[in-house]
Amino acid sequence: MADEAVAEHPAEPAAPKAKDARSPEAPRGGARGDDNAKDAPDAPGSSDPSDAADAEAAEREKERERAADRFKDRTRDPLAEEQGEEEPTDAAAATRARRSGQKLLASGRDLIGFDRSDVGRLHIGDINIGLDARRSGLSMRDGPVPEEELLRIRRTHIEPEGYVRLRRALEARRLLVLGGAPGTGRASTALALLEEVTRDGESGQNAERVRRADPERGVRELAAQVVAGEGGRLRGTGYLLEPALDRPGTLPPDGMDLDQLASALAERGSYAVVVVSVGSAANPLLAGRYGAICPPAPTRELVAVRLRKRLEEEHGDPVRGGGGSGTRYGDGDGGGGLDGHADRDRDGGRDGGRARGADRGGDRPRGGGPDEDGSLSRLLERAAELREDPEVTEAVGLDDLRPAEAELFASLLAGHLLGSVGREELLSGCRGLAAVQAYEWFAGVDRALAAPPPGDGRAPVRSGTAALFHPVAFRIALAVLGGASHSAVSAAAHLLTWELSVQSDPDSTPARPLFCDDPESDLALSRARPADGPVDVAGAEVTGRLIFYRGAALPAAVLAELWDRHFPVRAPVVRWLRLLADDPRPQVSMRAAVAAGELSVRDFEHGYAELVRPLAEAPTPRRRVFAATALDQAAGHASHRRAVRKVVEDWSRHGTPALRWTAAMALGYGRSADSMDDTLDALARIGVRDDGEQLAVASLNVVRLLTLPECATVLRRLADWTGHRGEEYQDLALVSIVRLALTDVDEVLDDEPGTPLGDRGDWPLLLALAATRPELTGKLADLFWTALNTARSRDVAFDALETLLRSASRKDGRAWTREGLAALLPALTAEEHDRRRLDWLLQRMMRDQDRPLTEERARALWRLAVPARQRRSDEEESHG
């Protein structure tokens, strides 16, 4: 550009003299030059220098056009075959979804987990605690609550938020329907309320002032029992009822039933708390005049109170009435509620989270303690430090602890501080918290289906399978799709509910309730939390309502429990995962693929036979990508890496076309071969076979490898392939080079933002590498120069170069990829004829009728490509 003006050069300059890659003049070992095949390097607008007859020249030109068309076809998106070549695929969304799924399942507790050969009891060091979740509310029978248990609750119960409001509601109405998720201490809170309101009443000195009601009797039977009052002997009694509303055939009480019970209670001066699980069956009860939600107790107060109690016990001054290390606490509802006490005159329900028996001057239970010599204070300081230890926090893997979990965690911490529990035992026990929760969620879920309806001996009622299985299906869907939108998880849960129902009762068509969903209940029953976050829709990000487990350990724990202990459920889950593999939303299909890989690790024979191999041979690219992603996820485990590599190696050599395609996608992740050279060898075998039938997918995965630390090895092999005698190898290199310029970073990069490449997600990968890896700029320029100067790749390469140039700045004028262009263009235009070609391209862009390039931007691009010193030299040469 003489005088930096684009228009001073002709529109199509004469072609420069071609360089032979094998001549001494070829730069850097022959990276720039011809491809040792039929096509000689050329420039736009050049004519065939041959003096042959016109017919021979015309035929040669047609052959070049056919070669260019074949080359262009090989640069298509191999993932868009089923959608049509013009339909773009959302590779960036798929990459982000895979990364998110891996993050949620990378807890490290999938194979090295909690050793629970007998989950009913936990024994770590000298701690022995019962954990049998199968003892549900149905095992409790009508009878008084022992005074010792009431005394323990009075002294150690920690009140949840709003406790005072709950107590006042119970005092005013005599009846309270208390809703909460199992394990959150709701029954313990109910007992604490009943103990308090009956303490100074008519039965204050009665040993049977608080009673548990048989859950099989229901509200009507309880009303009759209250009226009878054991022959008039019981007055001012507190009743705790936990009806089994989740049993098929069981109807919840209506408003008239509750009014009748409240009237009977008022007549006898008594009180009752009906404890129910949040959900569609209980929602009408909780929405009525007697309903209230019981919030969970705060984790820090739970652990602090229990830990201090444990340490005081070990120092010889235990809190009287407190449960020892042999306490059975089941799901935490029946005792061991651990929230703090409040000022009874405040609506806040809590005053600093103190225990009910705590000294008002602090949270130390009455009775003193060995603070005089400072030993307990020092232990508590060490306990606080240990509780915040990152390794311990990671091992626990739960955002908040329920009463039973806080009891166990405090016992583990106390045992470690006192020397009875080693470090590994401590971490193993902490990892077991999530495993026990998963066990409780799935233990005997469908046992109620085999039980007859209450009150008769008729055949079991199975019409409620969908309602019974939906909470379980939601937990599984959340483990697989955690981090996706709430609607996607809920829809997947309904699909799985259907599969589970059909598997359980294949002779009946399960009902599909349409208006029974309760998002808040789903969150409570699954220990989930919502969050606003980005959702990929048609290549754009919008804000949506996402959903996660409240703890990084729960997804892996749920999948492990599901796959290792419940073999009959594998068949419906496999069918469900295959349905998710067909989902067009990457946030669903890619997360499901990651989960399928984790399940395959737990039983590779089953996962390979039922999921990986069938989908790897599927006719659609989406299913084959699913299989490749699952294989790569398994390869991430050292225990299965060798098996995965053997499978991929066999497929790349001897597999059907579909299996070779899947193997290529698995190789692109970089973990399915022993080394980078082995990976590239396998991709080359796939790409050059059958006249390059699968060259497109092979080149795509060569480009994906360039985001890895060994990208210098990939560039070296690309340079070798450009000089190969086989035209298929040359095409593999040329197509990969062009694809490198057309692929954005976030379509192929696994790194999170914050890395040099991750911060340039919308950059073309070629420019991002040039900007972040200056030592590779020369190799990148040489390879792209080769594509620009080879006849069959020239047109596509020039289109790619135009795309790169237009990315220098955004539409609003802000800088975009200028840094990468400033690094690449000078190396790409080191010689005069290269600069003339750039001049020609800039002029063509300025004349573009649809997107004309302004003269100002053209000048700026020229300055990036040609340094000032070189521009002055060119001007002097141009003017003699």
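Predicted, not measured: the structure shown is a model, and the values here were computed from it.
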Going by salt bridge (charged side-chain N to carboxylate O under 4.0 Å, His left out), Glu195 matches just one of Arg167, Arg211, Arg154, Arg152. Which one? Arg154
Provide the closest heavy-atom pair for His157 versus Ala192 in the form atom of the first, atom of the second, distance. ND1-CB, 3.6 Å
Just so I know, are the side chains of Tyr271 and Leu265 near enough to count as touching, which here means a heavy-atom distance under 4.5 Å? no
When you measure from the side chain of Arg591 to the backbone N and O of Ser100, does any donor-acceptor pair fall under 3.5 Å? no
Intermediate values then yes/no, side-chain contact (heavy atoms from CB on, under 4.5 Å), Asp532 and Leu546: CA-CA 6 Å; Asp532 291 337; Leu546 311 183; over 6 Å; no
Salt bridge or not between Asp400 and Arg529? Use side-chain N to carboxylate O under 4.0 Å. no
Please report the shortest heavy-atom distance between Gly429 and Leu412, naming the atom on each side. C-CD1, 3.6 Å
Working note: His566 + Phe442, criterion side-chain contact (heavy atoms from CB on, under 4.5 Å); need CA distance, chi angles, decisive distance, verdict. CA-CA 9 Å; His566 304 284; Phe442 294 104; 3.5 Å; yes
Arg212 side chain to Glu242 main-chain N or O, any donor-acceptor pair under 3.5 Å? no
On a heavy-atom basis, the closest approach of His416 and Val421 is ND1-O, 2.9 Å
Taking C-beta and beyond as the side chain, do Arg199 and Arg209 meet within less than 4.5 Å on heavy atoms? yes
For Arg527, what residues pass the side-chain hydrogen bond (donor to acceptor under 3.5 Å, both in side chains) criterion, not counting sequence neighbours? Glu405, Gln437
For Ala266, side-chain contact (heavy atoms from CB on, under 4.5 Å) partners two or more places apart: Arg174
So which heavy atom on Leu105 is nearest to which on Ala595, and how close? CD1-CA, 3.9 Å
Please say whether more than 12 non-hydrogen atoms of neighbouring residues, nucleotides or ligands are located less than 6.0 Å from CZ in Arg300. no
Which pair of non-hydrogen atoms, one from Ser490 and one from Phe474, has the smallest distance, and what is that distance? CA-CE1, 4.2 Å
Evaluate the side-chain proximity of Tyr549 to Val558: yes if any heavy-atom separation is below 4.5 Å, no if none is. yes
Which is it for Ser277 and Arg186 under the side chain to side chain donor-acceptor pair (under 3.5 Å) test, yes or no, and what are the steps along the way? CA-CA 9 Å; Ser277 293; Arg186 56 190 184 164; 2.8 Å; yes
Test your reading of the model: is there a side-chain donor-acceptor pair from Ser428 to the backbone of Glu424, 3.5 Å cut-off? no
Backbone of Gly415 reached by a side-chain donor or acceptor of Arg310 within 3.5 Å: no
Has the side chain of Glu149 got a donor or acceptor atom that lies under 3.5 Å from a matching backbone atom of Pro146? no
Charged N-O contact under 4.0 Å between Arg378 and Glu381: yes
Flag, side chain of Ser526 to backbone of Asp522, donor-acceptor distance under 3.5 Å: yes
Take Leu258 and Val219, measure what side-chain contact (heavy atoms from CB on, under 4.5 Å) needs, and give me the verdict at the end. CA-CA 7 Å; Leu258 295 176; Val219 169; 4.3 Å; yes
Okay, side chain of Arg306, backbone of Ala406: is any donor-acceptor separation there less than 3.5 Å? no
